[in-house]
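Below is one structure; the comments refer to it alone.
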Amino acid sequence: MNENPASDGVLVRVEGVGKTFHRGAEDIHVLTDLNLQVPAREFLALMGPSGSGKSTLLNLIGGLDRPSQGSVTVGGERIDQLSDRDLARWRARHVGFIFQLYNLMPVLNAERNVELPLLLTHLSKAQRAQHVQTALAIVGLAHRAKHFPRTLSGGEQQRVGIARAIVTDPTLLLCDEPTGDLDRKAGDEILDLLHALNREHGKTIVMVTHDPHASARAVRTVHLDKGQLWSEAQK
Amino acid sequence: MKFLPLIWSNLKRRKLRTLLTVLSILVAFMLFGLLSAIKQALVGGVAMAGADRLIVRHKVSLIISLPASYQQRIDKIPGVAASAHLTWFGGIYQDPKNFFPQMATVPEEILAMYPKVILAPEQKQAWLNSRNAAVAGRKTAERFGWKIGDRIPITSAIWTHADGTQLWDFDLVGIFDGQDKATDTTPLWFRYDCFDEGRQYDKGHVGWYIIRVKDSSQAVAIATRIDDEFANSPAETKTEPEGAFVQSFAKQIGNIALIAEAIMGAVFFTILLVAGNTMAQSVRERTGELGALKAIGFTNVQVLCQVMAESCLLALLGGALGLGLSWLFILHGDPTHGLLPFFYFPVNDLLTGLGISLALGAAAGIFPALQAMRLRVADALRRM
């Protein structure tokens, strides 16, 4: 992917996308003819009720799934046309994922968890350690590097998850309900962190949430329902 | 190597389960090691038999003797380099349980035939000097605590003296060693001339001949020539390679190799199921984590390799520990205290064991690994 967005400043371009799941003989249309553009350095919130297709859309933007129709272009690259292997490599280079349940490896301590994406690079052990230290410092957890997930609070685990997402310095951060499993205070801290990553580090963020308090921190909010885009709120 | 901490950490995820699986594999490979040593002891002679040596025995049965006069005629057959003969004594030393082979032979001939038998020159000379002298292999000498100068009384159920008594006394004048650990050092050899003179019947006969041929590639042709030489005589011969002869001896107590392989086959199949179940559970319970790995950029093949590496490491760990323990046990000595001709863990079997452990790991891991490889990221993440 070109690190720079397209000439019109759009990093993510979703055009005419449809997604249909098959359950037995039944076809479930989760997304229908959806169009969305996300400019570079934007902090976008995707809101909607359960089953509205927001996580599916996030998966399509992050190359975790493929659309049934339409195209997904990120940084000028048609990711829906990449092979599985190329798509995995593309994700490793350009996207950081932040999950609701953190999805940390319980058998690895914080720094080993953060190091995981770097194992896919050609960095030396010392270089990897340096990157891990930097990422943990950004999320304010350098002092908890040796701790295992089970000894960390939910907020701290999510910070480790964020450190893992940013350690390769990706252009795009995709967050699926990042505060959904946290209390208000911890959730606010995570939102502050995401805000700082957007404002100070120039990360483009797409965040799925159904919490209005969380979406209020985004620059723009998109509402999804029944697989279609209904409204946009720009601040 | 950089993935090793991740692989190792996953094995430590369920410590008890991993420990039990490793222990199961360990026990299987310990059994493999011990059976290898026992199999080697019982059938190893086949592998160690000289390719240039033939055995000439009576065509009807091994227990029917051949005329001693055959030796001169055999020596004249083209292609024969040397010959020696042995006669089974089948005696009892103190107790019938104290089995070890005892045979009458001609010292110079038998020592020349088996150059891997190491006998000190002065002991060889003592054997040549005394008609009643005998030499014993180190293993048997140590088993019964014999020393040079001891008199060894052996009662033979087969051979009686001219006066009808069955007790034979031999003076132990030498203890021989093997050049390598595969050389049999359990026999007691005594002089044929003394034995033939003292026995009541079957004088002038020997048990079987051992022939060394000049060119091992001609062994089959020479064997035919020998059998042709004695065709249509009262004592027709059957000549075969030494390996086949030793094998027929070993088969008297069953096909050891087949029995050992059947046991190990059953054990390894069971272990395959145990290890396979462990890996399947391991993959199933971390579907979400595998999904997360794929989300952050691990390719399907990398995930497959990770699960395969875990499985192979698990099996290799158990296998290496089991083989190591069996090696230590075998190093400690023959558990039968000398009944087996030799007791050691062949290096080839050790390497085969390591290979089997790796193959076991690969076989146990392949289906869970394929399952992990085929996981769709979006589906896997939903199962967190």
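In the text below, chain A, chain B and the rest are named by the order of the sequence lines, each starting its count at 1.
Heavy atoms only, all atoms of each residue included: A:Leu104 and B:Glu289 are closest at O-CG, 4.3 Å. When all heavy atoms are compared, the tightest approach of A:Met105 to B:Ala292 is CE-CB, 4.1 Å. Nearest heavy atom pair, residue B:Phe298 against residue A:Leu116, reads CE1-O, 3.9 Å. A:Pro106 and B:Arg13 make their closest contact through CG-NH1, 3.9 Å (heavy atoms, listed as atom of the first residue, atom of the second, distance).
Here the side chain of A:Arg89 pairs no donor or acceptor atom with the backbone of B:Gly297 at under 3.5 angstrom.
Contact check for B:Lys2 versus A:Arg128: side-chain heavy atoms found under the 4.5 Å cut-off. Inter-residue side-chain proximity for B:Ile296 and A:Arg164 is flagged as met; some heavy-atom pair is nearer than 4.5 Å. The side-chain heavy atoms of A:Leu64 and B:Lys294, taken from C-beta on, include no pair separated by under 4.5 Å. You'll find the side chain of B:Leu6 stays beyond 4.5 Å of the side chain of A:Arg112, heavy atoms only. Two residues are said to be in side-chain contact when any heavy atoms from C-beta on lie closer than 4.5 Å; A:Glu115 and B:Pro5 fail this criterion. Here the side chains of A:Asp84 and B:Thr299 are not in contact, with every heavy-atom distance at 4.5 Å or above.
Atom-to-atom distance recorded for B:Asn10:CG and A:Leu108:CG is 7.0 Å, nearest 0.5 angstrom. Taken from CG in B:Leu4 to CG in A:Leu119, the straight-line distance is 11.5 Å, to the nearest 0.5 Å.
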Taking only distance into account, with no hydrogens and no angle test, what donor-acceptor pairs under 3.5 Å do side-chain atoms of residues 260-275 of chain B form with protein atoms, sequence neighbours excluded?
residue  : atom : partner  : partner atom : Å
B:Thr270 : OG1  : B:Ala266 : O            : 2.8

Table please: side-chain donor-acceptor pairs of residues 133-143 of chain A below 3.5 Å, with sequence neighbours left out.
residue  : atom : partner  : partner atom : Å
A:Thr134 : OG1  : A:Gln130 : O            : 2.9

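Looking at A:Thr121, the atoms closer than 4.5 Å to chain B (heavy atoms on both sides) all sit in the backbone: N, CA, C or O. In this structure, the portion of B:Arg376 lying under 4.5 Å from any heavy atom of chain A is its side chain and not its backbone.
Within a 6.0 Å sphere centred on CZ of A:Arg78, other residues, nucleotides and ligands contribute more than 12 heavy atoms. Heavy atoms of other residues, nucleotides or ligands lying less than 6.0 angstrom from NE2 of A:His147 number more than 12. Applying the 6.0 Å contact sphere to CZ of B:Phe367 captures no more than 12 heavy atoms from other residues, nucleotides or ligands.
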